[in-house]
Amino acid sequence: MSAAAPRPAKAANQRSQQRDERRQKIIAAAESLFLAHGYAGASVNQIMRVAGGSLATLYAEFGTKEKLFEAVMTRRVRAAFDGAQQTMQGAPSVSAELQALAARIQERTLSVDGLAIYRLAVSEGPRFADLRKAVLTSGMRGFLTRLADYFGQLAAAGRMRIDQPQLAAERFLALVQGQRQFIAGCGDVKRYTARLRAQHVAEAVEAFMCIYPAGRRTARR
């Protein structure tokens, strides 16, 4: 007796899962090659040789190389913030929660691949408008949007006094990154020892909480 044909809904779910797995495999291959060879140096042919499949598959999923790079940046933002939220769970205070978040951002910023993306953006962004847009929109703006949503939740819960979550997100990121990304991007990442990194995180959070104290802001009369 032949096996029963899969139900339409189940078959559709299987196709959707397979498509998502294929898409993630292409994005992972693209990220690896972009980091290793730069945006111009990584060809779509190389990417599909690593990922497996045809160029038709790549173009059907992403349309262009630029859109593929945008997908890489979007996935990096999601991974960075989701990882940060995991480290923040169970923190005993807002200050401890922010320090866990800041430490995670600093770790990602000064990582080998984080610095590679930074160097790629600086060196190739001026020549490729779509790359520049992906970094600034899907990358930087995407992360700031996630960060602003988090600060908005803290304010709504009465845990911090924040009137403008987007501005708070920009200030927080500026305090955490400081000049470190630039200096490390120039090749001097070793100067930032574990002790100096922890000290910077503590000082950045302290400065941020001077601007945005814990607790709900009192309405003006």
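Annotation: side chain of Lys67 is not in contact with side chain of Glu61 (no heavy-atom distance under 4.5 Å). Within the 4.5 Å cutoff, the side chain of Ser43 has heavy atoms near those of the Asn45 side chain. Here the side chains of Phe143 and Ile105 are in contact, with some heavy-atom distance below 4.5 Å.
Under the 4.5 Å side-chain heavy-atom criterion for Ile, Leu, Val, Met, Phe, Trp and Tyr, Leu110 and Phe172 are members of distinct hydrophobic clusters.
Hydrophobic cluster of Leu136: no remaining members, since no ILVMFWY side chain lies below 4.5 Å from it. Other residues sharing the hydrophobic cluster of Leu120, ordered by chain and number and joined by side-chain separations under 4.5 Å: Ile26, Ile27, Leu33, Phe34, Leu35, Tyr39, Val44, Ile47, Met48, Val50, Leu55, Leu58, Tyr59, Phe62, Leu68, Phe69, Val72, Met73, Ile117, Phe128, Leu131, Val135.
Here the closest heavy-atom approach between residue Pro165 and residue Ala148 is recorded as CB-O, 3.3 Å. Across all non-hydrogen atoms, the minimal contact from Gly185 to Leu115 is N-CD2, 3.8 Å. What you find for Leu147 and Ala169 is that their closest heavy atoms are CD2-O, 3.5 Å. Considering all non-hydrogen atoms of both residues, Ala102 and Val201 come closest at CB-CG1, 3.9 Å. Of all heavy-atom pairs spanning Val77 and Gly142, the tightest one is CG1-C, 3.8 Å. Contact detail for Arg23 and Ala71: the closest heavy-atom pair is NH2-CB, 4.4 Å.
Sequence neighbours left out, not one pair with a member in residues 176-197 passes ring pair (Phe, Tyr, Trp, His ring centres under 6.0 Å). Sorted by first and then second residue, the side-chain hydrogen bond (donor to acceptor under 3.5 Å, both in side chains) pairs with a member in residues 164-180 read Arg171-Tyr212, Arg180-His200; sequence neighbours excluded. For residues 110-119, every residue pair satisfying the salt bridge (Lys or Arg N to Asp or Glu O under 4.0 Å) rule, not counting sequence neighbours, is listed here: Arg76-Asp113. Evaluation of the side-chain hydrogen bond (donor to acceptor under 3.5 Å, both in side chains) test over residues 123-137, restricted to residues two or more places apart or in two chains, returns none.
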